[in-house]
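Note sheet for the following structure.
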Amino acid sequence: MSQYAQLADMREAFGDEELILVTTPEGQPRETIDTSRVNTELVTASAEIDSYLRQRYQMPINGTDPMIARVCCDIARWRLWNRSDAEPSNAVRGGYKDAIAWLKSVNVGSVTLDGEIAINVGTDFSNFVARRPAFMGRCS
């Protein structure tokens with residue numbers, strides 16, 4: 001399994017202040033990002049992404065589509081908020097819901113990942129060959 005986003009991606013997308021808020025337990029000084037917690041959630045988010053992609057794409061994917069990193073960040077953000085003492089905003093909820101909706105679209109094939117090797121997508125589901133009926137008699 002690959003990790004599709006890094007701490008730097010999370011910092012760029014959501015800012016240090018938010019990451020400090022959701023990674024620092026209540027009652028402790030909110031001064032630094034708990035990078036271990038962020039990385040744990042990025043790994044978990046990447047595994048969740050793989051669970052949607054492995055049915056449609058050869059694994060591991062190369063992860064160069066920028067949407068993969070964005071979706072990974074949105075899922076990790078949701079997970080961090082849910083494990084914090086703060087209430088997630090509608091933007092956080094919406095980002096997670098949008099990420100899952102996008103992954104479901106990839107899973108069913110209405111969205112594709114450029115540069116990835118698709119599997120289980122052919123229309124030739126069998127090697128059925130039409131042949132003449134075995135019995136050619138008349139029925140009354």
Side-chain angles (χ1 to χ4, degrees):
M1 180 197 73
S2 298
Q3 184 172 319
Y4 299 119
Q6 305 298 322
L7 175 62
D9 299 315
M10 293 286 287
R11 292 176 79 178
E12 183 178 326
F14 309 119
D16 288 0
E17 189 174 315
E18 179 177 331
L19 295 175
I20 290 168
L21 173 69
V22 296
T23 62
T24 306
E26 188 174 357
Q28 292 189 6
R30 295 193 169 166
E31 299 168 346
T32 60
I33 298 169
D34 183 342
T35 58
S36 175
R37 287 185 68 191
V38 174
N39 284 323
T40 296
E41 297 307 341
L42 286 169
V43 167
T44 304
S46 296
E48 187 170 348
I49 290 169
D50 283 349
S51 73
Y52 283 92
L53 301 183
R54 75 172 45 96
Q55 182 176 333
R56 180 145 305 262
Y57 289 98
Q58 181 176 319
M59 301 304 283
I61 65 165
N62 65 33
T64 57
D65 189 312
M67 275 300 292
I68 294 290
R70 181 59 195 201
V71 163
C72 186
C73 287
D74 284 337
I75 293 171
R77 180 188 196 197
W78 171 252
R79 295 180 59 77
L80 285 166
W81 274 96
N82 279 332
R83 284 157 181 72
S84 75
D85 56 358
E87 182 69 24
S89 68
N90 287 335
V92 174
R93 281 185 196 91
Y96 176 74
K97 287 179 181 179
D98 290 347
I100 297 303
W102 186 81
L103 287 170
K104 287 179 179 179
S105 295
V106 172
N107 184 276
V108 298
S110 59
V111 173
T112 59
L113 299 178
D114 292 336
E116 302 298 343
I117 300 171
I119 59 173
N120 300 327
V121 294
T123 56
D124 181 22
F125 296 108
S126 70
N127 291 325
F128 176 78
V129 177
R131 61 183 177 166
R132 291 191 337 239
F135 179 72
M136 298 280 293
R138 281 195 331 185
C139 294
S140 327

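As the structure is a prediction and not an experimental result, all values here were calculated from the model.
Put simply, the side chain of Ile61 does not reach to within 4.5 Å of the side chain of Ser2, judged on heavy atoms. Using a 4.5 Å cut-off on side-chain heavy atoms (C-beta onward), Tyr4 and Val71 make no contact. Between Asp98 and Asp74 the shortest side-chain heavy-atom distance does not fall below 4.5 Å. Using a 4.5 Å heavy-atom cutoff, the side chains of Glu48 and Ile100 are in contact. In this structure the side chain of Glu31 never reaches within 4.5 angstrom of the side chain of Ile20, judged on heavy atoms.
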Check step by step if side-chain contact (heavy atoms from CB on, under 4.5 Å) holds for Asp16 and Arg11.
-> CA-CA 6 Å; Asp16 288 0; Arg11 292 176 79 178; 2.7 Å; yes
Begin with the C-alpha distance, continue with both residues' side-chain angles, and end with the deciding distance and a verdict on side-chain contact (heavy atoms from CB on, under 4.5 Å) for Ser84 and Leu21.
-> CA-CA 8 Å; Ser84 75; Leu21 173 69; over 6 Å; no
Please lay out, stage by stage, how Val43 and Asn39 fare under the test side-chain contact (heavy atoms from CB on, under 4.5 Å).
-> CA-CA 6 Å; Val43 167; Asn39 284 323; 5.5 Å; no
Check against salt bridge (Lys or Arg N to Asp or Glu O under 4.0 Å), Asp85 and Arg30 = CA-CA 13 Å; Asp85 56 358; Arg30 295 193 169 166; 3.2 Å; yes
Between Met10 and Ile33, does a side-chain contact (heavy atoms from CB on, under 4.5 Å) hold up when you go through it step by step?
-> CA-CA 11 Å; Met10 293 286 287; Ile33 298 169; over 6 Å; no
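Pairs of residues two or more places apart, or lying in two chains, that qualify as ring-ring contact (aromatic ring centres under 6.0 Å, His included) and include a residue from residues 60-105 are Trp78-Tyr96.
One finds the CG atom of Leu53 at 6.0 Å from the CG atom of Leu103 (value rounded to the nearest 0.5 Å). Rounding to the nearest 0.5 Å places CG of Leu19 at 11.5 Å from CD of Glu41. Rounded to the nearest 0.5 angstrom, Leu42 CG and Arg37 CZ are separated by 12.5 Å. Once rounded to the nearest 0.5 Å, the distance linking OG1 of Thr112 with OH of Tyr57 reads 5.0 Å. Rounding to the nearest 0.5 Å gives a distance of 10.0 Å between CD of Glu18 and OG1 of Thr23. We find the CG-CZ distance between Asn82 and Arg77 to be 12.0 Å, quoted to the nearest 0.5 Å.
Proximity of a side-chain donor or acceptor of Glu116 to a complementary backbone N or O of Asn62 within less than 3.5 Å is detected.
With sequence neighbours left out, Thr35 forms a side-chain hydrogen bond (donor to acceptor under 3.5 Å, both in side chains) with no residue at all. For the side-chain contact (heavy atoms from CB on, under 4.5 Å) test, residues two or more places apart in sequence or in another chain that qualify with Asp9 are Ala5, Gln6, Cys73.
Side-chain atoms of Asn90 and Arg93 form a donor-acceptor pair, as typed in the model, at a separation below 3.5 Å.
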